[in-house]
Amino acid sequence: EVQQLAQALPAGLTAIVGTPWPGHGRAFNAAVVLRDGRIHAVYHKMLLPNYGVFDEKRVFEPGRDPGVIEVDGWRIGLHICEDSWFPEAAPCSALREAGVDAVINLSASPYHRGKLAQREAVLGRAARAVGAPLLYCNLVGGQDELVFDGASLVVDAAGQLVARGGPGFGGDDAAKIVQPGGATHQ
């Protein structure tokens, strides 16, 4: 199905989708990069949470290698949720060493009171650790007792909030992309 999606996308468009990906016994939690009608790259989430509502270590195999892709001359680092929550850990340090221009984080981070401020602080630390802007795209919807609020955002390399998608709990999240040198695009 992922290959069919890749083939259905317009030429020149790069899309990143989250999906389970076959592994060695257990699946990987993956970000799949689609471009020019094919699967261009697959990143496997490195940090698997196993607390509260999360039980990823039972279901998924951890990735070992950082995800770095090139899009229109940009070196983009890939993270999945927890990969950005521990700035001192391998996912952030590997992207810093790779010299990425920006990080895209795909997330399914459930909402609770105070979560927006917590995310901004954590993602700001991750951006500073990597030395690049971080574009955070969070799931909107529900699953069993979990509620996902969206509330996507962008922090610059200094960890400062520069854009926020819609008010949360909506599907209209849009982010301003800050290019090296300060130019922006909607």
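- Sorted by first then second residue, the side chain to side chain donor-acceptor pair (under 3.5 Å) pairs that include residues 84-96, not counting sequence neighbours, are His79-Ser84, Ser84-Asn105.
- The two residues Ala102 and Trp74 make their nearest non-hydrogen contact at CB-CZ3, 4.0 Å.
- Closest heavy-atom contact between Ala151 and Leu116: CB-CD2, 3.4 Å.
- With sequence neighbours excluded, the residues forming a salt bridge (Lys or Arg N to Asp or Glu O under 4.0 Å) with Asp55 are Arg58, listed by chain and number.
- Glu82 is linked by a salt bridge (Lys or Arg N to Asp or Glu O under 4.0 Å) to nothing, counting only residues two or more places apart in sequence or in another chain.
- No donor-acceptor pair closer than 3.5 Å links the side chain of Asp83 to the backbone N or O of Lys45.
- Applying the side chain to side chain contact (heavy atoms under 4.5 Å, CB included) test to Ala129 and every residue at least two apart in sequence or in another chain returns Pro87, Cys92.
- Ala108 pairs by the side chain to side chain contact (heavy atoms under 4.5 Å, CB included) definition with Leu139, Phe148, not counting sequence neighbours.
- At distances below 3.5 Å, at least one donor-acceptor pair connects side-chain atoms of Asn138 with backbone N or O atoms of Ser109.
- For the side chain to side chain contact (heavy atoms under 4.5 Å, CB included) test, residues two or more places apart in sequence or in another chain that qualify with Gln3 are Ala6, Gln7, Arg38, Ile39.
- Residues that satisfy the side-chain hydrogen bond (donor to acceptor under 3.5 Å, both in side chains) test with Glu120, not counting sequence neighbours, are Arg164.
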Can I get a per-line list of side-chain donor-acceptor pairs under 3.5 Å for residues 21-32, giving both atom names and the distance, sequence neighbours left out?
from  : atom 1 : to    : atom 2 : distance (Å)
Arg26 : NH1    : Lys57 : O      : 2.5
Arg26 : NH1    : Phe60 : O      : 3.1
Asn29 : ND2    : Glu56 : OE1    : 3.4

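- Residues Val42 and Val2 fall within the same hydrophobic cluster, defined by Ile, Leu, Val, Met, Phe, Trp and Tyr side chains chained together at heavy-atom separations under 4.5 Å.
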For the pair Arg35 and Val71, evaluate side chain to side chain contact (heavy atoms under 4.5 Å, CB included) and give the outcome as yes or no after the intermediate values. CA-CA 10 Å; Arg35 182 170 50 211; Val71 179; 3.5 Å; yes
